[in-house]
Amino acid sequence: MKNIILMGPPGAGKGTQATDLVERYHIPHISTGDMFREAIKNKTPLGQKAEAIIARGDLVPDDITVGLVKERLSQDDCANGYLLDGFPRTIPQAEALEEIGKEIGRPVNAVIDISVPEEVLIDRIGGRRVCPKCGASYHVRNMKPKVEGKCDHCGSDLIQRKDDNPESFKVRLENYYKQTAPVSDFYEARKLLRRYDGQGDKTRLQKELFAFLDTL
Ligand code: AP5
Ligand code: MG
């Protein structure tokens with residue numbers, strides 16, 4: 001069973017690694033950040049609540065986020081496992097997830113914590129470009145699209161995320177240290193945490209993750 005959490009600071013490569021992991025294991029990629037951005041794009045009530053919070057780099061309140069994840073994890077496609085990306089990122093969220101896992105009979109069994117030095121994160125966030133249509137992520141230097149400014153998959157014009165600016169990044173990183181780093185300790189105490197170095201080529205980390213997750 002692969003009930004997996006991907007953790008790490010903004011720009012650690014959670015989304016990048018998640019794309020390859022879900023393809024290999026045929027499990028859904030549940031990114032709370034992607035779900036919020038989709039809601040913002042569709043101007044739903046949730047999107048309207050979350051838009052300004054996300055743009056400035058703050059965390060969406062726990063009750064809203066937990067409700068969203070609970071509903072998502074209860075769907076049929078999670079019956080054979082799931083990959084959570086960017087959730088939980090506070091202790092109350094981690095506690096709520098423990099309850100949800102018991103209720104649905106699919107408790108978390110692996111937590112991958114990707115660490116990357118701050119100066120590398122800044123460079124990755126500054127250079128990231130995303131596809132507004134299909135969500136694919138690129139970097140102007142490290143992971144260039146085949147045609148500059150265009151998505152490889154759907155040809156759309158690439159954009160910068162609204163929270164990928166120096167001011168919002170600073171807030172995101174502070175929130176990570178204050179609120180999310182303790183979540184790593186929460187899972188370490190439960191012997192579920194595995195720490196990985198997210199620097200260097202993405203395929204090196206990918207191979208390490210496959211080697212471990214294949215055994216689950
Ligand atoms: P979210 O979307 O989760 O953003 P984040 O955690 O800040 O993380 P990122 O998506 O920025 O980074 P990533 O680790 O996915 O990196 P990526 O693979 O793209 O959350 C956004 C916001 O939503 C939050 O701030 C909050 O407001 C809200 N939210 C979400 N979840 C919440 C929750 N649980 N509770 C409350 N609020 C919540 O890579 C980054 C760049 O680096 C890319 O350009 C990529 O191409 C490049 N790159 C990746 N790997 C490598 C590599 N190995 N070498 C070189 N370049 C690389
Ligand atoms: Mg991401």
Side-chain angles (χ1 to χ4, degrees), residues 5-21 29-40 46-47 49-70 72-73 83-97 112-117 119-131 135-145 151-152 158-165 167-181 183 196-209:
I5 296 174
L6 271 187
M7 292 187 59
K14 302 181 293 295
T16 302
Q17 295 295 333
T19 308
D20 298 320
L21 293 175
H29 175 199
I30 304 177
S31 157
T32 39
D34 287 349
M35 289 163 89
F36 288 133
R37 282 185 288 277
E38 189 63 26
I40 292 169
L46 171 69
K49 266 188 215 154
E51 187 165 16
I53 300 174
I54 292 184
R56 67 173 185 264
D58 272 325
L59 293 181
V60 177
D62 286 337
D63 55 342
I64 297 180
T65 312
V66 167
L68 190 70
V69 171
K70 186 171 182 180
R72 183 65 188 87
L73 285 178
L83 180 72
L84 285 166
D85 160 1
F87 182 94
R89 56 214 288 165
T90 65
I91 292 289
Q93 289 182 15
E95 288 169 346
L97 179 61
I112 306 295
D113 194 359
I114 306 173
S115 73
V116 174
E119 63 276 13
V120 179
L121 297 175
I122 293 169
D123 176 65
R124 285 189 186 177
I125 291 291
R128 173 165 53 189
R129 298 293 179 273
V130 295
C131 175
S137 179
Y138 303 88
H139 189 280
V140 291
R141 242 187 12 266
N142 303 333
M143 291 190 197
K144 289 184 181 179
C151 179
D152 289 353
L158 300 179
I159 58 161
Q160 265 194 297
R161 257 169 56 174
K162 276 212 176 119
D163 56 348
D164 280 353
N165 59 72
E167 297 76 33
S168 304
F169 176 72
K170 192 165 169 276
V171 178
R172 287 157 66 195
L173 202 60
E174 280 168 9
N175 283 328
Y176 172 77
Y177 289 130
K178 264 193 238 146
Q179 311 234 54
T180 311
V183 177
Y196 289 87
D197 180 359
Q199 294 182 80
D201 189 62
K202 81 156 195 173
T203 51
R204 196 232 350 111
L205 174 58
Q206 185 200 80
K207 277 186 198 147
E208 287 180 32
L209 295 180

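Read the numbers this way: they start at 1 and go in the same order the structure lists the ligands and their atoms. Nothing here was measured: the structure is a model prediction, and the numbers come from that model.
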Exercise. Distance from L97 atom CG to I5 atom CD1, nearest 0.5 Å?
Worked result: 5.0 Å
Exercise. Does R161 have a non-hydrogen atom less than 4.0 Å from ligand 1?
Worked result: yes
Exercise. Considering only the protein, which heavy-atom contact is closest to atom 16 (O) of ligand 1, and what is its distance?
Worked result: G13 N, 3.3 Å
Exercise. Can you tell me how far the OG1 atom of T16 sits from the OH atom of Y138, to the nearest 0.5 Å?
Worked result: 11.0 Å
Problem set entry | Identity and separation of the nearest protein heavy atom to atom 38 (C) of ligand 1 | F36 CE1, 3.8 Å
For this session: Tell me, please: is Q199 in heavy-atom contact with ligand 1, that is, under 4.0 Å?
Result: no
Exercise. For atom 43 (C) of ligand 1, which of S137, G11, G135 has the closest heavy atom?
Worked result: S137
Exercise. So is I125 close enough to ligand 1, meaning a heavy atom under 4.0 angstrom away?
Worked result: yes
For this session: Report the member of V60, T19, T90 with the shortest heavy-atom distance to atom 37 (N) of ligand 1.
Result: V60
For this session: Flag I54 as yes when one of its N or O atoms lies below 3.5 Å from any N or O atom of ligand 1, and as no otherwise.
Result: no
Problem set entry | Backbone or side-chain N or O of Q93 under 3.5 Å from ligand 1 N or O | yes
Exercise. Taking N or O atoms only and a 3.5 Å limit, does D163 qualify as a polar contact for ligand 1?
Worked result: no
Exercise. Any heavy atom of G200 sitting closer than 4.0 Å to ligand 1?
Worked result: yes
For this session: Could you find the nearest protein heavy atom to atom 31 (N) of ligand 1 and give me its residue, atom name and distance?
Result: T32 OG1, 2.7 Å
Seminar exercise, completed: If you scan protein heavy atoms around atom 15 (O) of ligand 1, the nearest is G15 N, 2.9 Å
For this session: Run the numbers for me: atoms of ligand 1, each under 4.0 Å from some heavy atom of N142, listed by number.
Result: 55 (C), 56 (N)
For this session: State which residue, out of T180, I54, D164, fulfils the side chain to side chain contact (heavy atoms under 4.5 Å, CB included) condition with R172.
Result: D164
Problem set entry | Part of T65 within contact of ligand 1 (heavy atoms, under 4.0 Å) | side chain
Exercise. Which residue owns the protein heavy atom closest to atom 47 (C) of ligand 1, what's the atom, and how far is it?
Worked result: R124 CD, 4.1 Å
Exercise. Between D58 and ligand 1, does any nitrogen or oxygen pair lie at a separation below 3.5 Å?
Worked result: yes
Exercise. Considering only heavy atoms, which of H139, M35, M143, R89 lies nearest to atom 48 (N) of ligand 1?
Worked result: M143
Problem set entry | Protein heavy atom at shortest distance from atom 44 (O) of ligand 1 | Y138 O, 2.8 Å
Exercise. Just distances here: any N/O of D85 and N/O of ligand 1 closer than 3.5 Å?
Worked result: no
Seminar exercise, completed: The side chain to side chain contact (heavy atoms under 4.5 Å, CB included) partner of P61 among I64, D58, L59 is I64
Exercise. How close do R204 and Q199 get, heavy atom to heavy atom, and via which atoms?
Worked result: NH2-O, 2.5 Å
For this session: Identify the protein heavy atom lying closest to atom 49 (C) of ligand 1, giving its residue, its atom name and the separation to 0.1 Å.
Result: T16 OG1, 3.4 Å
For this session: Assess A12 for proximity to ligand 1: is some non-hydrogen atom of it under 4.0 Å away?
Result: yes
Problem set entry | Nearest-neighbour protein heavy atom for atom 9 (P) of ligand 1, which is reported as residue plus atom name and distance | R128 NH1, 3.4 Å
Seminar exercise, completed: Between the CD atom in E174 and the CZ atom in F169, the distance rounded to the nearest 0.5 Å is 10.5 Å
Problem set entry | Nearest option to atom 21 (C) of ligand 1, as decided by whichever heavy atom of K14, R172, R37 sits closest | R37
